[in-house]
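From a predicted model like this one, the values you see are computed outputs, not experimental measurements. So that the names make sense, note that chain A is the first sequence line, chain B the second, and so on, each numbered from 1.
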Amino acid sequence: MADIEWPWQYQFPPFFTIQPNIETRKKQIEAWCSLVLSYTRQQKTYSIDVRESQNSPLFNNKAINRKLSMDCILTVLEELRKTGHLEWTDNKTKKQCLVMWRTPEEWGKLIYSWICSRSMNNTVCTLFELTEGEESEGTEFHGLENWLLLRALKSLESQELAELMSFDGSDGVKFF
Amino acid sequence: MHRRGHGIGAIKKKDLAQARYKDKGSEIAEDQVSQMAKQMEKFKEHLEDFAVNHKEDIKKDPEFRVQFQNMCASIGVDPLASSKGFWAEMLGVGDFYYEIGVQIIEVCIATSHRNGGKDDLLRAIKKLKVLGNGFTVIPVGRTYLVQSVPGELSMDHTMLLQQAQDAGFVTKSDLLSGLKWEEDRAGRALDFMVKEGLAWLDDQATPERQYWFPSFFPYTAVTS
């Protein structure tokens, strides 16, 4: 497991108790949201299983013997959904969700500026090349999961900066 | 055998030599003073160049600023305190503490939970007093609290904070036993702290609820 940078709040016991003061709670939830995003970014994970997450270090700080209750976890995740960083894969049961520590638009921008920096505009490359190819090694989107990559590219497509295409059964993309 | 250094002639010679030494001595001393003056002048020039080159660092990096201030203090210059003259023009730092003052308002509003750069803050907040009573520094035991709430802390609240400052938190029992308060009084003071956003509840504490104060919580970055 990679080293995680924890914010100071993670060591602060009341951080794990939902706060009654509205203003305080607002700050608390914000801090939790950014912790969830930075944690998943550092872990390079793209999904959360709510039940499992209860025991993950993210919501359970064993060192200070504090953990976030299921209710609070759901509150935090719901907040992330509102900001466009999370989607439930099962809208009704809310057991599984996809986390996007960068929104598809942000990923799109990142990929596009990489393409521009390598003058790869007007060339076609496969999706596999983009995220698994040698050339993209060291970039943040190396290893990006396919569903998120597709969304990132679609957001570029809607800005007319890219066009998704299919050839010989494999997916490719052309950047403008 | 004729020993040298005896008789009138020798004495006169010695006097003369001494006078020469003396002359030479003061000449050297003068030299040294003027050299030193030159060096100080040079140093000042360099310090000025340095200040200009690192203006942004001085303004933005608190550690850098402390070191720079120490360096200046060693030659008797306080660039950040004076709002007149060279330093103010050179760095635009005359307004430094006023700028911080304004930023403090922002910081206090945005993060009522953490504060750093104590000396800067204390100076800046003192400047802010001219604006009214919205911002005050309350000495609590060994440390200071910056009050940005336009309210007043009563004696009870200050005592409560004193009680909390060592552990970073306080419980109702602490107040009952430590301050000999009635349950009611303790409850009211604690509720006030929560209502003002000064205290956070920890309901997972045993054996009873703890009221934590982020301002007393030592910051430690943790990697694991």
> Using 30° and 60° as the class limits, which term best fits the ring planes of A:Phe16 and A:Trp32: parallel, tilted or perpendicular?
Replying inline: perpendicular
> Are the side chain of A:Gln54 and the backbone of A:Phe59 linked by a donor-acceptor contact shorter than 3.5 Å?
Replying inline: no
>> If I measure from the heavy atoms of chain B, does A:Glu23 come under 4.5 Å with its side chain, its backbone, both, or neither?
In response: neither
>> Parallel, tilted or perpendicular, judged at 30° and 60°: which one describes the rings of A:Phe141 and A:Trp114?
In response: perpendicular
>> I'd like to know if the side chain of A:Tyr112 and the backbone of A:Phe176 have a donor-acceptor N/O pair within less than 3.5 Å.
In response: yes
>> Taking A:Thr17's backbone N and O only, do any of them form a donor-acceptor pair with A:Gln19's side chain (distance below 3.5 Å, no angle check)?
In response: yes
> Is it true that a side-chain atom of B:Asp202 and a backbone atom of B:Trp212 form a donor plus acceptor pair closer than 3.5 Å?
Replying inline: no
> So which residues of residues 63-100 of chain A are in contact with chain B at a heavy-atom cut-off of under 4.5 Å?
Replying inline: A:Asn65, A:Arg66, A:Lys67
